[in-house]
Amino acid sequence: MLDIQLLRTDIDAVAKRLADRDFHLDVTTFNALEAERKSIQTRTQELQSKRNALSKGIGQAKAKGEDTAPLMAEVAGLGDQVAACEKQLEAVQAKLSEMLLVVPNVPHASVPAGKSADDNVEVRRVGTPRKFDFTPKDHVDIGEGLRLLDFAAGVKIAGARFTVMKGGIARLHRAIAQFMLDVHTQEHGYTEVYVPYLVNSKSMEGTGQLPKFEQDLFKIPREVFDDDAVVSELEASGASVSSVSAKTIDRSLYLIPTAEVPVTNLVRGDIVPLDSLPLKFVCHSPCFRSEAGSYGKDTRGMIRQHQFDKVELVQIIHPEQSFEGLEALTGHAETILKRLELPFRTVTLCTGDMGFSSAKTYDIEVWLPGQNAYREISSCSNFEAFQARRMQARFRNRNGKPELVHTLNGSGLAVGRTLVAILENYQNADGSVTIPTVLRPWMGGAEKISS
RNA sequence: GGAGAGGUGGCAGAGUGGUCGAUUGCACCGGUCUUGAAAACCGGCAGGGGCGCAAGCUCCUCGUGGGUUCAAAUCCCACCCUCUCCGCCA
């Protein structure tokens with residue numbers, strides 16, 4: 001969520017920069033709502049103030065044993081007026097926040113303007129793609145050849161975009177996650193956390209998945225009052241059926257699309273001490289994505305799954321340090337690829353390709369011989385105060401005043417795609433796959449996966 | 001699932017209809033004293049919002065939402081959460 005103060009004082013500049021990411025900010029509507037809000041709020045507060053003063057007067061008069069009837073008469077008509085104004089104010093504020101919640105973050109000045117992924121800017125390239133003296137296969141052929149990846153089984157059990165791993169590949173998958181966790185905790189100073197994989201809507205709102213991107217999530221419906229017994233009990237207590245159904249509260253849970261959601265929300269509503277910053281968390285979790293709207297895209301193999309594992313890096317950081325922090329965090333993710341000796345390149349996403357909540361994002365793309373292309377394996381973003389404002393996540397600054405933190409996160413790395421990259425880059429002519437040296441301790445010392 | 005207790009400022013803990021957004025203690029910050037520190041003493045210290053150049057004025061918030069009332073931390077209803085005991089269970 002953007003700072004409403006910024007919109008009040010400098011909305012044209014904001015609208016201009018948001019246009020770079022192809023978002024039209026409705027300045028006219030905002031200004032009209034703001035003007036309405038201002039007048040209603042002023043009027044409401046005047047009335048409230050008057051009522052409070054009179055009520056206080058009644059209390060004082062009663063204490064002295066004076067007659068309160070004149071004061072009571074004076075305040076009589078106020079109640080309804082106050083209630084009406086409060087209702088109006090609530091309505092206009094709801095409209096404003098509804099509008100604000102779907103406005104994306106403003107790109108940082110260092111982000112290149114652009115329409116699509118084609119306009120992303122490469123910042124570095126590390127490693128050289130290997131020259132094969134045979135025609136390299138993609139991970140599907142490698143995995144199925146080894147009889148250790150079973151796409152058909154995934155389809156049978158759940159459906160498309162689910163995969164079953166077996167034996168050496170399942171173990172390699174586990175080894176990758178273990179390796180990443182150990183590097184980030186032991187060398188990069190992150191604290192490992194284990195978190196819920198189902199979260200409430202407040203958490204999804206905090207990190208920006210809701211209200212705008214519900215269609216990307218798997219939802220577990222849960223409502224209170226949907227139980228007949230509860231309803232009749234309420235009726236017995238005097239509530240009418242209509243008021244009961246109107247009060248139905250959605251308590252649905254959502255499967256996390258990334259550990260970013262539960263981990264970042266650890267600080268939701270908190271005021272953390274200044275000296276605890278930056279908080280650095282690493283979390284291995286499954287991720288669940290509906291992939292609505294990506295029909296036909298990456299249907300082959302494990303690149304785009306409804307369920308995949310990821311090791312996620314999250315930092316809760318001082319606003320003055322967040323851009324340095326983003327560089328460091330991106331470096332932490334790159335370290336994994338360097339250790340695995342996988343060629344990659346890092347790009348700065350242009351304004352048109354960035355995620356909703358991000359002020360700046362680096363994508364790390366790993367070389368996939370099976371596709372003869374670099375493919376995203378990590379996305380590292382600085383959200384500045386965008387998520388913090390939604391979450392009311394703050395720290396106490398030097399003056400003792402609460403101030404919004406900045407939040408960062410990035411994959412360090414996506415486990416499934418790392419597995420794909422290893423299978424394809426480390427494949428041998430005989431169909432076996434060499435295990436990267438750094439992973440062997442988690443593979444019982446084995447050097448190869450073969451059938 | 002059954003029975004009970006409870007949710008108040010960073011923490012502890014008062015407050016059961018009226019100058020209470022809240023007594024007090026601890027913690028924290030500033031000052032006096034001291035060679036320095038501690039102690040003692042004095043002062044400050046919840047969060048969010050609006051109006052205003054500012055000084056300042058004002059509104060909202062005592063788990064959440066609704067209700068009663070001129071007035072609610074306090075009374076009523078529902079929900080959420082925490083704790084204790086019993087039962088069940090990976």
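Just so it is clear: chains get the letters A, B, ... in the order the sequence lines come, proteins before strands, and each one is counted from 1. These numbers were taken from a predicted model, which means no experiment stands behind them.
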N or O in side chain of A:Gln41 less than 4.0 angstrom from B:U58 OP1/OP2:
no
Phosphate contact (B:G48 OP1 or OP2) by A:Arg394 side-chain N/O below 4.0 Å
yes
Under-4.0 Å salt bridge between [X] and [Y]:
| X | Y | result |
| --- | --- | --- |
| A:Glu205 | A:Arg390 | no |
| A:Asp150 | A:Lys166 | yes |
| A:Arg339 | A:Glu187 | yes |
| A:Glu312 | A:Lys310 | yes |

Gap in Å between the two [atom1] atoms, one belonging to [N] and one to [M], rounded:
| N | M | atom1 | result |
| --- | --- | --- | --- |
| B:G52 | B:G63 | P | 34 Å |
| B:U84 | B:G21 | C1' | 32 Å |
| B:G18 | B:G50 | P | 32 Å |
| B:C29 | B:A78 | P | 46 Å |

Would you classify A:Glu90 as touching base, sugar-phosphate or nothing, given that sugar-phosphate means primed atoms plus P, OP1 and OP2, and contacts are heavy atoms under 4.0 Å?
nothing
At 4.0 Å (heavy atoms only), tell me whether A:Pro273 reaches a base, stays on the sugar-phosphate, or touches nothing.
nothing
Between A:Val314 and A:Leu408, is there a side-chain heavy-atom distance shorter than 4.5 Å?
no
Under 3.5 Å on both distances, the Watson-Crick or G-U partner of [N]:
| N | value |
| --- | --- |
| B:A3 | B:U84 |
| B:U19 | none |
| B:A90 | none |
| B:A73 | none |
| B:G43 | B:C29 |
| B:A54 | none |
| B:A78 | B:U64 |

Under the 3.5 angstrom rule, does the side chain of A:Thr418 hit a backbone N or O of A:Ala414 as a donor-acceptor pair?
yes
If we check side-chain contact (heavy atoms from CB on, under 4.5 Å) with A:Phe151, which of these qualifies: A:Glu144, A:Lys156, A:Arg161?
A:Glu144
Using a heavy-atom distance cut-off of less than 4.0 Å, which residues of residues 204-212 of chain A contact RNA chain B?
none
Which of residues 43-59 of chain A have a heavy atom under 4.0 Å from RNA chain B?
A:Gln45, A:Gln48, A:Ser49, A:Arg51, A:Asn52, A:Ser55, A:Ile58, A:Gly59
Nearest whole Å is fine: how far is B:C28 C1' from A:Ile271 CD1?
14 Å
A:His188 and A:Tyr190 aromatic ring geometry - parallel, tilted or perpendicular at 30°/60° bounds
perpendicular
Quick check on A:Glu66: does its CD atom have over 12 non-hydrogen neighbours (other residues, nucleotides or ligands) under 6.0 Å away?
yes
Would you list the atom pairs, donor with acceptor, under 3.5 Å between side chains in residues 6-30 of chain A and any protein atom, with sequence neighbours excluded?
| from | atom 1 | to | atom 2 | distance (Å) |
| --- | --- | --- | --- | --- |
| A:Arg8 | NE | A:Glu34 | OE1 | 2.9 |
| A:Arg8 | NE | A:Glu34 | OE2 | 3.4 |
| A:Thr9 | OG1 | A:Gln5 | O | 2.9 |
| A:Thr9 | OG1 | A:Leu6 | O | 3.4 |
| A:Arg17 | NH1 | A:Asp20 | OD2 | 2.8 |
| A:Arg17 | NH2 | A:His108 | O | 3.0 |
| A:Arg17 | NH2 | A:Val111 | O | 3.0 |
| A:Arg21 | NH1 | A:Asn105 | O | 2.7 |
| A:Arg21 | NH1 | A:Phe356 | O | 3.3 |
| A:Arg21 | NH2 | A:Met354 | O | 3.2 |
| A:Arg21 | NH2 | A:Gly355 | O | 2.5 |
| A:Asp26 | OD1 | A:Thr28 | N | 3.4 |
| A:Asp26 | OD1 | A:Thr29 | N | 3.1 |
| A:Asp26 | OD1 | A:Thr29 | OG1 | 3.0 |
| A:Asp26 | OD2 | A:Thr29 | OG1 | 2.5 |

5' precedence on RNA chain B between A:Glu34 and A:Arg396 (nearest-nucleotide basis)
A:Arg396
Assign each of A:Gln60 and A:Met72 to its nearest nucleotide of RNA chain B by heavy atoms, then name whichever residue's nucleotide is nearer the 5' end.
A:Gln60
